[in-house]
Undergrad: 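First the structure, then my questions, so here it is.
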Amino acid sequence: MDESDWAELKHAAVRARANAYAPYSGFTVGAAILSETGRVFAGCNVENASFGATLCAERTALAAAVSAGERELRALVIATGAKSPTPPCGICRQCLTELAPGLAIRSYAGEVCADYAVAALLPDAFGRGHLD
Ligand code: THU
């Protein structure tokens with residue numbers, strides 16, 4: 001990933017954030033994933049009156065990538081309006097572990113960013129091997 005790759009992903013995440021449906025929390029999130037083939041898939045959070053049915057931005061972007069047939073995923077950018085960069089929630093960590101364990105993650109709060117790695121966010125993850 002060079003800086004222009006990150007900038008392109010950030011742009012897509014910020015744009016997707018504008019589409020967030022967050023009438024309950026007011027916390028809008030955008031996400032964008034870059035696949036190994038160079039395609040970008042964006043998502044936003046989509047809330048529900050039944051709060052547990054809410055979809056996070058990271059998972060909508062992940063589902064968009066997988067739905068397009070992309071399984072090799074390189075990087076994820078998260079964009080929020082929080083005071084400081086926010087990491088993915090626990091459910092998203094589990095989903096990213098399943099489909100993109102090697103993903104590089106950068107989270108932006110305005111121009112401030114933080115980097116994360118999936119494996120470090122969810123150590124000792126439950127995975128397909130535990131179903132044997
Ligand atoms: N949310 C995300 O979309 N991604 C995150 O990383 C954290 C939380 C959403 C879920 C909910 O719509 C709102 O932010 C507040 O939790």
Side-chain angles (χ1 to χ4, degrees):
M1 290 292 289
D2 60 29
E3 284 312 312
S4 71
D5 291 327
W6 286 116
E8 182 191 1
L9 270 192
K10 181 184 180 221
H11 184 70
V14 167
R15 265 211 326 237
R17 185 180 165 223
N19 295 328
Y21 176 72
Y24 304 105
S25 73
F27 189 76
T28 57
V29 185
I33 290 177
L34 178 66
S35 71
E36 288 293 353
T37 61
R39 296 169 72 192
V40 173
F41 300 90
C44 62
N45 54 330
V46 182
E47 296 188 345
N48 194 283
S50 175
F51 296 168
T54 290
L55 299 169
C56 289
E58 294 91 325
R59 275 178 288 138
T60 61
L62 184 63
V66 173
S67 299
E70 298 283 358
R71 291 282 180 84
E72 301 298 321
L73 306 175
R74 219 169 140 200
L76 161 71
V77 161
I78 300 162
T80 73
K83 283 194 223 108
S84 54
T86 56
C89 80
I91 297 172
C92 290
R93 293 179 194 202
Q94 182 70 30
C95 293
L96 292 168
T97 297
E98 177 80 24
L99 288 154
L103 198 70
I105 302 173
R106 183 166 286 185
S107 181
Y108 281 92
E111 295 308 313
V112 182
C113 71
D115 290 323
Y116 306 98
V118 175
L121 288 174
L122 191 61
D124 296 324
F126 179 83
R128 62 165 60 214
H130 296 105
L131 296 174
D132 290 343

Undergrad: Check whether any side-chain heavy atom of Thr37 lies under 4.5 Å from a side-chain heavy atom of Glu72, and answer yes or no.
TA: no
Undergrad: With sequence neighbours left out, write down each residue that passes ring-ring contact (aromatic ring centres under 6.0 Å, His included) with Phe126, or none if nothing qualifies.
TA: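 Scan of Phe126 (ring-ring contact (aromatic ring centres under 6.0 Å, His included), adjacent residues dropped) gives His130.
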Undergrad: Return the minimal non-hydrogen interatomic distance between Ala109 and Ala82, and the atom names on each side.
TA: CB-O, 3.3 Å
Undergrad: Please tell me if the side chains of Val66 and Arg71 come closer than 4.5 Å, counting only heavy atoms from C-beta onward.
TA: yes
Undergrad: Kindly give the heavy-atom pair with the smallest separation between Val40 and Glu8, and that separation in Å.
TA: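 Minimum heavy-atom contact is CG2-OE2, 3.7 Å.
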Undergrad: What do the steps show when you test Glu111 against Lys10 for salt bridge (charged side-chain N to carboxylate O under 4.0 Å, His left out), and what is the final call?
TA: CA-CA 10 Å; Glu111 295 308 313; Lys10 181 184 180 221; 2.9 Å; yes
Undergrad: So, taking the atom named OH in Tyr21 and the one named CG in Leu55, what distance separates them when rounded to the nearest 0.5 Å?
TA: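 Rounded to the nearest 0.5 Å, the OH-CG separation comes to 12.0 Å.
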Undergrad: Between Ser107 and Thr86, is there a donor-acceptor pair closer than 3.5 Å when you use the side chain of the first and the backbone of the second?
TA: yes
Undergrad: Please check: side-chain N/O of Asn45 versus main-chain N/O of Ala22, any donor-acceptor pairing under 3.5 Å?
TA: no
Undergrad: With side-chain hydrogen bond (donor to acceptor under 3.5 Å, both in side chains) as the criterion, how do Asp2 and Ser4 come out once you've worked through the C-alpha distance, each side chain's angles and the decisive distance to 0.1 Å?
TA: CA-CA 5 Å; Asp2 60 29; Ser4 71; 2.8 Å; yes
Undergrad: Which atom names give the shortest non-hydrogen contact between Ala42 and Ala64, and what distance separates them?
TA: O-CB, 4.3 Å
Undergrad: Heavy atoms, side chains only, cut-off 4.5 Å: are Leu76 and Val118 in contact?
TA: no
Undergrad: Who passes salt bridge (charged side-chain N to carboxylate O under 4.0 Å, His left out) against Glu70, sequence neighbours left out?
TA: Arg39
Undergrad: Measuring from atom CG of Leu122 to atom SG of Cys92, what distance do you get when rounded to the nearest 0.5 angstrom?
TA: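 These two atoms lie 11.5 Å from each other.
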Undergrad: With a 3.5 Å distance limit and no angle check, can you tell me whether Thr60 reaches the backbone of Cys44 through a side-chain donor-acceptor pair?
TA: yes
Undergrad: Given side chains that start at C-beta, do those of Tyr116 and Ile78 come closer than 4.5 Å, heavy atoms only?
TA: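 Contact flag for Tyr116/Ile78 side chains = no.
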Undergrad: How far apart are the closest heavy atoms of Leu99 and Pro101, and which atoms are they?
TA: C-CD, 3.6 Å
Undergrad: Working to the nearest 0.5 angstrom, can you tell me the gap between Leu62 CG and Phe41 CZ?
TA: 11.0 Å
Undergrad: Quick one, Cys56 and Ile91 - any side-chain contact, counting heavy atoms below 4.5 Å?
TA: no
Undergrad: Which heavy-atom pair separates Ala75 from Leu103 by the least distance, and what is that distance?
TA: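 Ala75 and Leu103 have their closest heavy atoms at N-CD1, 3.3 Å.
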Undergrad: Would Arg59 and Glu98 pass as an ion pair if we require N to O under 4.0 Å?
TA: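 Salt bridge: no.
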Undergrad: Taking all heavy atoms of Trp6 and all of Met1, pick out the closest pair and write down the distance.
TA: NE1-CB, 3.4 Å
Undergrad: Less than 4.5 Å apart, side chain to side chain, heavy atoms only: is that true for Glu58 and Cys89?
TA: no
Undergrad: Looking only at atom types and distance, does a side-chain atom of Arg74 sit under 3.5 Å from a main-chain N or O of Leu34, one as donor and one as acceptor?
TA: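 Not a single qualifying donor-acceptor pair exists.
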Undergrad: Taking the side chain as everything from C-beta on, heavy atoms only, tell me whether Leu96 gets closer than 4.5 Å to Ile105.
TA: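 Yes, close enough: below the 4.5 Å cut-off.
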